[in-house]
Enquirer: 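Handing you a structure now.
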Amino acid sequence: MDKKKLSEMEYLFMQYIWKYPDGVSSGDIYNEFPQALGTKSVILHNIKEKGYVRAERTGRQVIYKATMTMSEYERMLMEDKVQRTMGVSSLGELIASLCGKKRLTKDQANELYDLIDRIKDDENE
C-alpha cells in the first residue's frame, strides 16, 4: 500500500470530506465533530500528511479537498489485504489465479472494478 492507512477517526473525517468533492472548509469540518479544536487540527494535519487531502488557504479558512475518492481508498485497502493474505498484488491477479490464468487483461480488470463499484452503489441505496 503506497499510503498509510487512515485511523478510525481519520476515516470518519474523510467520510465527511468525501461528501464535498469541490472541497469543504475547516470551519465546516470543525463544526461537524465534537472533539477539541486542537484534536481536530491534528487529525486534519495527519490526513494531509498521509496524502489523502490537499489544503488550500482562502482567507482565514482552509479548504480541504480529497485527493482520492472513497472507492479508490477502499480499493487500495482491499488490494493491500489481498496482497498480504493471498500473496498476489491485486484483486485482478487473485481472480485470474482462481480462473487458472496468470493475469487479467486491462479490460477485464476494469470490468471487475466497475462491477465492484456498482455493487457498492447498490448497497448505498
Side-chain angles (χ1 to χ4, degrees):
M1 187 161 66
D2 294 338
K3 294 183 179 185
K4 289 185 178 180
K5 183 178 173 184
L6 294 167
S7 72
E8 187 175 326
M9 188 56 61
E10 291 166 348
Y11 184 72
L12 290 174
F13 274 58
M14 280 305 301
Q15 285 180 310
Y16 183 75
I17 293 168
W18 279 318
K19 291 179 185 178
Y20 301 93
D22 294 328
V24 59
S25 73
S26 54
D28 288 339
I29 296 169
Y30 290 160
N31 289 333
E32 182 69 18
F33 295 94
Q35 293 82 2
L37 181 62
T39 301
K40 292 183 263 195
S41 294
V42 168
I43 292 168
L44 288 171
H45 173 78
N46 290 344
I47 292 169
K48 181 179 175 240
E49 287 298 306
K50 290 179 179 181
Y52 292 104
V53 296
R54 284 189 326 270
E56 300 170 5
R57 182 166 291 284
T58 19
R60 297 185 70 186
Q61 291 287 321
V62 176
I63 304 298
Y64 288 90
K65 293 182 182 180
T67 59
M68 69 171 43
T69 65
M70 182 185 261
S71 292
E72 290 168 333
Y73 176 72
E74 290 174 352
R75 183 180 300 161
M76 182 182 72
L77 291 180
M78 181 175 47
E79 287 179 351
D80 181 61
K81 186 170 186 171
V82 167
Q83 169 65 36
R84 286 184 289 110
T85 58
M86 305 296 288
V88 293
S89 63
S90 71
L91 179 60
E93 286 182 21
L94 174 63
I95 299 297
S97 70
L98 293 173
C99 297
K101 294 185 172 192
K102 194 169 191 169
R103 67 178 353 150
L104 297 176
T105 66
K106 187 172 184 150
D107 287 341
Q108 290 168 329
N110 287 336
E111 285 179 39
L112 176 62
Y113 288 121
D114 288 344
L115 174 61
I116 291 168
D117 288 339
R118 286 194 309 271
I119 290 168
K120 285 180 185 177
D121 289 343
D122 288 346
E123 289 177 359
N124 294 330
E125 291 178 358

Enquirer: For residues Ile116 and Arg75, determine if any side-chain heavy atom of one lies less than 4.5 Å from a side-chain heavy atom of the other.
Expert: no
Enquirer: Would you find a donor on one side and an acceptor on the other, under 3.5 Å apart, between the side chain of Asp80 and the backbone of Met76?
Expert: no
Enquirer: So, taking the atom named CE in Met78 and the one named OG in Ser71, what distance separates them when rounded to the nearest 0.5 Å?
Expert: 9.5 Å
Enquirer: Looking only at heavy atoms, which two atoms of Gly51 and Thr67 are closest? And how far apart?
Expert: O-OG1, 2.6 Å
Enquirer: First locate atom CH2 of Trp18, then atom CE of Met68, and finally report the distance between them rounded to the nearest 0.5 Å.
Expert: 8.0 Å
Enquirer: Phe33 and Leu12: which non-hydrogen atoms are nearest, and at how many Å?
Expert: CZ-O, 3.6 Å
Enquirer: Keeping Lys40 on the side-chain end and Gln35 on the backbone end, is there a donor-acceptor pair under 3.5 Å?
Expert: yes
Enquirer: Look up atom OH in Tyr11 and atom CG in Leu77, then write down how far apart they are to the nearest 0.5 Å.
Expert: 8.0 Å
Enquirer: Search all heavy atoms of Tyr20 against all heavy atoms of Tyr16 and return the closest pair with its distance.
Expert: CD1-O, 3.3 Å
Enquirer: How close do Leu44 and Ile17 get, counting heavy atoms only, and between which atoms?
Expert: CD2-CD1, 4.1 Å
Enquirer: Please indicate whether Lys48 has more than 12 foreign heavy atoms, meaning atoms of other residues, nucleotides or ligands, lying under 6.0 Å from its NZ.
Expert: no
Enquirer: Is Ile63 reachable from Ile29 through a run of hydrophobic residues whose side-chain heavy atoms are each under 4.5 Å from the next?
Expert: no
Enquirer: Is there a donor-acceptor contact under 3.5 Å from the side chain of Lys50 to the main chain of Lys4?
Expert: no
Enquirer: Can you confirm whether the side chains of Thr58 and Gln61 place a donor and an acceptor under 3.5 Å from each other?
Expert: no
Enquirer: What do the steps show when you test Val24 against Lys19 for side-chain contact (heavy atoms from CB on, under 4.5 Å), and what is the final call?
Expert: CA-CA 9 Å; Val24 59; Lys19 291 179 185 178; over 6 Å; no
Enquirer: I'd like to know if the side chain of Tyr73 reaches the main chain of Leu6, judged simply by a donor and an acceptor atom lying under 3.5 Å from each other, with no hydrogens or angles considered.
Expert: yes
Enquirer: Is the backbone N or O of Thr69 less than 3.5 Å from a side-chain atom of Glu72, with the two atoms forming a donor-acceptor pair by type?
Expert: yes
Enquirer: If hydrophobic clusters are built by linking Ile, Leu, Val, Met, Phe, Trp and Tyr wherever their side-chain heavy atoms come under 4.5 Å apart, do Met14 and Val42 end up in the same one?
Expert: no
